[in-house]
Amino acid sequence: MNDTENGVFPEIQEVIISQDQILEKVRQIGGQIATDYQYKNPLFIGVLKGVLFFMADLMRSVPYSCEVDFLAISNYNTDARKKGMVRLVKDLDIPINGRDVVFVEDVIDTGLTLNYILKNLRDRSPASLEVCVLFNKPAHRLIEIPIKYKGFDLPDRFVVGYGLDHHEKYRNLPYVGLLKGDAIHLPHFSGD
Ligand code: IMP
Ligand code: MG
């Protein structure tokens with residue numbers, strides 16, 4: 001498929017990261033993780049739903065035993081959201097104490113949500129906890145997050161695809177793109 005001839009998704013104005021670029025990067029990150037965690041049976045943790053696509057490709061680039069689990073969250077009202085507070089809608093199934101955990105995230109923007117979740121995970125005493133993010137948006141960062149594995153730095157634009165949604169749509173695009181017109185200026189509060 002030609003990324004630039006996007007007749008199926010006419011709302012996409014421009015592809016900014018192609019499917020090939022994404023998959024190449026994911027394989028690179030998977031290779032680094034594979035080297036760092038050999039024999040450790042790492043546990044990958046992600047927040048539904050945006051991370052599904054990255055998680056699936058990342059795990060398949062790790063050529064030995066590893067496990068995966070997911071959290072689901074929902075945001076509170078705007079005030080609580082500003083503090084990064086989230087409500088756990090689904091907790092982990094696997095206990096993480098003593099485990100080598102890699103927290104996998106599709107996109108980090110302000111960092112507030114992730115900061116809150118990381119604190120929650122640290123309280124459960126994992127043996128180690130590192131952060132792996134595919135799309136980093138440094139422009140709005142309010143809290144510094146230590147990122148061990150990073151894919152792409154993104155400009156300060158609202159993007160969709162490869163898991164990132166706009167009102168739940170476009171997650172299935174195999175690339176990352178900009179939406180046409182005003183859609184990119186709409187606030188996005190789905191939290192995941
Ligand atoms: P934050 O890092 O706490 O600000 O939260 C980031 C969350 O906002 C992500 O998990 C996404 O759900 C959402 N988000 C941020 N930027 C984008 C974007 O460009 N496209 C789609 N969702 C985004
Ligand atoms: Mg997310």
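Remember, predicted model here, so these are calculated numbers, not experimental data.
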For the student: nearest non-hydrogen atoms of Tyr149 and Glu130, plus distance: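 Scanning both residues completely, I find the closest heavy atoms to be CE1-CB, 4.5 Å.
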All side-chain contact (heavy atoms from CB on, under 4.5 Å) counterparts of Lys150, not counting sequence neighbours: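 Partners of Lys150 under the side-chain contact (heavy atoms from CB on, under 4.5 Å) test: Val133, Asn136, Ile147, Asp153.
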Pairs touching residues 131-140 that satisfy salt bridge (charged side-chain N to carboxylate O under 4.0 Å, His left out), sequence neighbours left out: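 Output for this query is empty, none listed.
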Check: [X] side chain, [Y] main-chain N or O, donor-acceptor pair, under 3.5 Å:
X      : Y      : answer
Arg141 : Asp109 : yes
Lys25  : Leu134 : no
Asp69  : Ile94  : yes

Salt bridge (Lys or Arg N to Asp or Glu O under 4.0 Å) partners of Arg60, counting only residues at least two apart: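 Arg60: salt bridge (Lys or Arg N to Asp or Glu O under 4.0 Å) contacts with Asp57.
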Residues forming a salt bridge (Lys or Arg N to Asp or Glu O under 4.0 Å) with Asp91, sequence neighbours excluded: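 Salt bridge (Lys or Arg N to Asp or Glu O under 4.0 Å) check on Asp91 returns Arg124.
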If you look only at distance, which donor and acceptor atoms sit under 3.5 Å apart when one is on a side chain in residues 26-33 and the other is two or more places apart or in another chain?
none

Side chain to side chain, Leu92 and Leu121, heavy atoms closer than 4.5 Å: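 Yes, their side chains come closer than 4.5 Å.
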Extract all donor-acceptor atom pairs below 3.5 Å that involve side chains of residues 38-48 and protein atoms in other chains or at least two apart in sequence.
unit_1: Asn41; atom_1: OD1; unit_2: Ser65; atom_2: OG; d: 2.8
unit_1: Asn41; atom_1: ND2; unit_2: Glu67; atom_2: OE2; d: 2.8

Mutual orientation of the aromatic rings belonging to Phe135 and Phe152 [parallel < 30°, tilted 30-60°, perpendicular > 60°]: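 Parallel: the ring planes of Phe135 and Phe152 meet at under 30°.
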More than 12 heavy atoms of other groups within 6.0 Å of Lys169 NZ: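 It does not: Lys169 NZ has 12 such atoms or fewer within range.
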